[in-house]
*Asks:* 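Quick one: the structure is below, questions incoming.
From a predicted model like this one, the values you see are computed outputs, not experimental measurements.
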Amino acid sequence: MNAPNISESEWAVMEVLWDHSPRTASEIAKTLREKTSWAENTVRTLLTRLVEKGALAIEEQTGSPKLYSPAIKREACVRAESESFLERIFQGAAKPLLVHFAKNARLTPDEVKELKKLLDQSTQNKS
């Protein structure tokens, strides 16, 4: 399944569920209230949208509240968002993104070493 396009608000809901699931709407709202001050109805609206998009699954138990769980992995959503960002901002070209990142990010020497290793592996895999 392809990752659905999710908004920033929907992403916040997904983060709660990727962290710990299944959860009820009330539990999700309580967790988000600390950061967002959203009302429970707002969270329920976001949950409905995410279910419609196929990002969440519902477990319904007789006599119990609905339990929500991610229907898609975080990694798939990150990949889709990264591809969308790359296409929108850098017209799909990775080099300008990497140049911008290298010039503007505050990387430790260990992080630079790790990135160099990943780039080397990337070029070896394409040979």
*Asks:* For the residue pair Val13 and Glu10, establish whether any side-chain heavy-atom pair is separated by less than 4.5 Å.
*Replies:* no
*Asks:* Does a side-chain N-to-carboxylate-O contact under 4.0 Å join Lys30 and Glu40?
*Replies:* no
*Asks:* Could you list the residues that satisfy salt bridge (charged side-chain N to carboxylate O under 4.0 Å, His left out) with Arg79, not counting sequence neighbours?
*Replies:* none
*Asks:* May I ask you to test the Leu50-Tyr68 pair for a side-chain heavy-atom distance under 4.5 Å?
*Replies:* no
*Asks:* Assess the side chains of Ser84 and Arg88: does a donor N or O sit below 3.5 Å from an acceptor N or O?
*Replies:* yes
*Asks:* If you measure from CH2 on Trp38 to CG on Leu46, what distance do you get to the nearest 0.5 Å?
*Replies:* 5.5 Å
*Asks:* Do Val43 and Leu47 make a side-chain contact, defined as non-hydrogen atoms from C-beta onward lying under 4.5 Å apart?
*Replies:* yes
*Asks:* Judged by atom type as modelled, is there a donor-acceptor pair below 3.5 Å linking the side chain of Ser122 to the main-chain atoms of Leu118?
*Replies:* no
*Asks:* Kindly indicate whether the side chain of Lys73, heavy atoms from C-beta on, has any atom under 4.5 Å from the side chain of Val78.
*Replies:* no
*Asks:* May I ask whether Ile58 and Leu56 are part of the same hydrophobic cluster, defined by side-chain heavy atoms of I, L, V, M, F, W, Y residues being less than 4.5 angstrom apart, directly or through others?
*Replies:* yes
*Asks:* Considering only heavy atoms from C-beta outward, does the side chain of Glu27 approach that of His20 to under 4.5 Å?
*Replies:* no
*Asks:* Between Arg44 and Ser26, is there a side-chain heavy-atom distance shorter than 4.5 Å?
*Replies:* yes
*Asks:* For His100, is there any backbone N or O sitting under 3.5 Å from a side-chain donor or acceptor partner on Asn104?
*Replies:* yes
*Asks:* Does a side-chain heavy-atom distance below 4.5 Å link Glu52 with Thr48?
*Replies:* yes
*Asks:* Can you name the side chain to side chain donor-acceptor pair (under 3.5 Å) partners of Thr42, sequence neighbours left out?
*Replies:* none
*Asks:* May I have the step-by-step check of side-chain contact (heavy atoms from CB on, under 4.5 Å) for Lys117 and Asp120, ending in yes or no?
*Replies:* CA-CA 5 Å; Lys117 182 180 175 183; Asp120 288 342; 5.7 Å; no
*Asks:* Would you kindly confirm whether Val99 and Leu97 end up in one hydrophobic cluster when ILVMFWY residues are joined by side chain heavy atoms under 4.5 Å apart?
*Replies:* no
*Asks:* Going only through I, L, V, M, F, W and Y residues with side-chain contacts under 4.5 Å, is there a path from Ile72 to Leu67?
*Replies:* no
*Asks:* Specify whether Trp18 and Trp11 have parallel, tilted or perpendicular ring planes, treating 30° as the upper limit for parallel and 60° as the lower limit for perpendicular.
*Replies:* perpendicular
*Asks:* Give me the atom names and distance for the closest heavy-atom approach of Ala71 to Gly54.
*Replies:* CB-O, 3.4 Å
*Asks:* Classify the side-chain pair Ser69/Arg23 by whether it contains a donor and acceptor separated by less than 3.5 Å.
*Replies:* no
*Asks:* Tabulate below the donor-acceptor pairs under 3.5 Å that side-chain atoms of residues 108-115 make, not counting sequence neighbours, or state none.
*Replies:*
unit_1 : atom_1 : unit_2 : atom_2 : d
Thr108 : OG1    : Glu111 : N      : 3.1
Thr108 : OG1    : Glu111 : OE1    : 3.4
Glu111 : OE1    : Thr108 : N      : 2.8

*Asks:* Using atom types as modelled and distance alone, determine if a side-chain donor or acceptor of Lys53 lies under 3.5 Å from a backbone N or O of Ile6.
*Replies:* no
